[in-house]
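On a predicted model such as this, the values are computed, not experimentally measured, just so you know. Hydrogens, waters and symmetry mates are skipped; everything else that's a heavy atom, side chains included, is used.
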Amino acid sequence: FHVQIKSTEKPCLVVMRLKRWERKKCKPNSLPILQKMHVKIGDTVKVISGHEKGKIGEIIKIFKHNSSVIVKDLNLKTKHVKKKEEEEQGQIIKIEGPIHSSNVMLYSKEQNVASRVGYKIVEDGTKVRYLLKTGEIIDSADNWKRVIKERSKKIEEAVAAS
């Protein structure tokens, strides 16, 4: 059984977090085609399917090439880490696993309701996301400032630790 790849579809050279046997469609410059997602880093979401169904958390990382997200303290996986040096000990740690973006829904903390996302243009001409059920605007300037501050704090902590 032989599958022939069309001439326009080349396997990607730069693809992260894919298995060896998985292939992604690519643009002519060999970069993967990235999907647009309805969620961003810092959004509060509710998991709507899977074994973590009904739980609420905040998105800390996004993988656009396969439309998956990592939600803080949800979908925990056990990872066995070997010791790197002789005096060091091996350990078992819990890390968050990715969840497909179609299995999460934006969540409003004030109204305690999960909703689909809509897009509209506000008076100053910026395109924002809002919750269809409540009309609450998600993309506000102070929300992004908070996310950027948290990112810079994490980077400073990592630099100080190393």
>> Is there a continuous path of hydrophobic side-chain contacts, each under 4.5 Å between heavy atoms, that joins Val122 to Tyr130?
In response: yes
> Looking at residues at least two apart in the chain, or sitting in another chain, which of them share a side chain to side chain donor-acceptor pair (under 3.5 Å) with Ser68?
Replying inline: Asn66
> Are Leu76 and Glu96 close enough, and set up right, to give a side-chain contact (heavy atoms from CB on, under 4.5 Å), and what steps lead you there?
Replying inline: CA-CA 4 Å; Leu76 293 172; Glu96 294 102 351; 4.0 Å; yes
> Below 4.5 Å, heavy atoms only, C-beta onward: do Ile138 and Lys40 meet side chain to side chain?
Replying inline: no
>> Go through it in stages, so that I can follow the logic: the residues are Asp73 and Glu58, the test is side-chain contact (heavy atoms from CB on, under 4.5 Å), and I'd like the CA-CA distance, side-chain angles, deciding distance and then a yes or no.
In response: CA-CA 9 Å; Asp73 297 329; Glu58 186 180 340; over 6 Å; no
> Considering residues at least two apart in sequence or located in another chain, which fulfil the salt bridge (charged side-chain N to carboxylate O under 4.0 Å, His left out) criterion with Glu52?
Replying inline: Lys55
> Do Val128 and Leu131 share a hydrophobic cluster (ILVMFWY, side-chain heavy atoms under 4.5 Å, transitive)?
Replying inline: no
>> Hydrophobic cluster membership, with links at side-chain heavy-atom distances under 4.5 Å among I/L/V/M/F/W/Y: are Met37 and Val104 in one?
In response: yes
> Judged by atom type as modelled, is there a donor-acceptor pair below 3.5 Å linking the side chain of Ser115 to the main-chain atoms of Leu132?
Replying inline: yes
> Can you tell me how far CG of Leu106 sits from CZ of Arg129, rounded to the nearest 0.5 angstrom?
Replying inline: 6.0 Å
>> Count I, L, V, M, F, W, Y as connected when their side-chain heavy atoms are under 4.5 Å apart, and connections chain through other members. Are Val117 and Ile62 then in the same cluster?
In response: yes
> What are the two closest heavy atoms between Glu86 and Lys83, and how far apart are they?
Replying inline: O-NZ, 4.1 Å
>> Side chains of Glu136 and Ser108 only: does a donor on one sit below 3.5 Å from an acceptor on the other?
In response: yes
>> Assigning hydrophobic clusters by single linkage (Ile, Leu, Val, Met, Phe, Trp, Tyr; side-chain heavy-atom cutoff under 4.5 Å), is Val45 placed with Tyr119?
In response: yes
> Quick one: CD1 on Ile121 to NZ on Lys127, what's the gap to the nearest 0.5 Å?
Replying inline: 7.0 Å
> Which residues, ordered by chain and number, are linked to Tyr107 in its hydrophobic cluster, where ILVMFWY side chains connect at heavy-atom gaps below 4.5 Å, directly or through other members?
Replying inline: Ile56
> Heavy-atom count around Gln89 CD within 6.0 Å, excluding the residue itself: above 12?
Replying inline: no
> Considering residues at least two apart in sequence or located in another chain, which fulfil the side chain to side chain donor-acceptor pair (under 3.5 Å) criterion with Thr78?
Replying inline: Lys94
> Can you list the other members of the hydrophobic cluster that holds Ile48, where links are side-chain heavy atoms under 4.5 angstrom apart?
Replying inline: Met105
> Counting only N and O atoms by type, is there a donor-acceptor contact under 3.5 Å from the side chain of Asn75 to the main-chain atoms of Pro98?
Replying inline: yes
> Can you list the residues that meet the side chain to side chain donor-acceptor pair (under 3.5 Å) rule with Ser101, with sequence neighbours excluded?
Replying inline: none
>> Can you tell me how far apart NE2 (His80) and CD1 (Ile93) are? Round to the nearest 0.5 Å.
In response: 10.0 Å
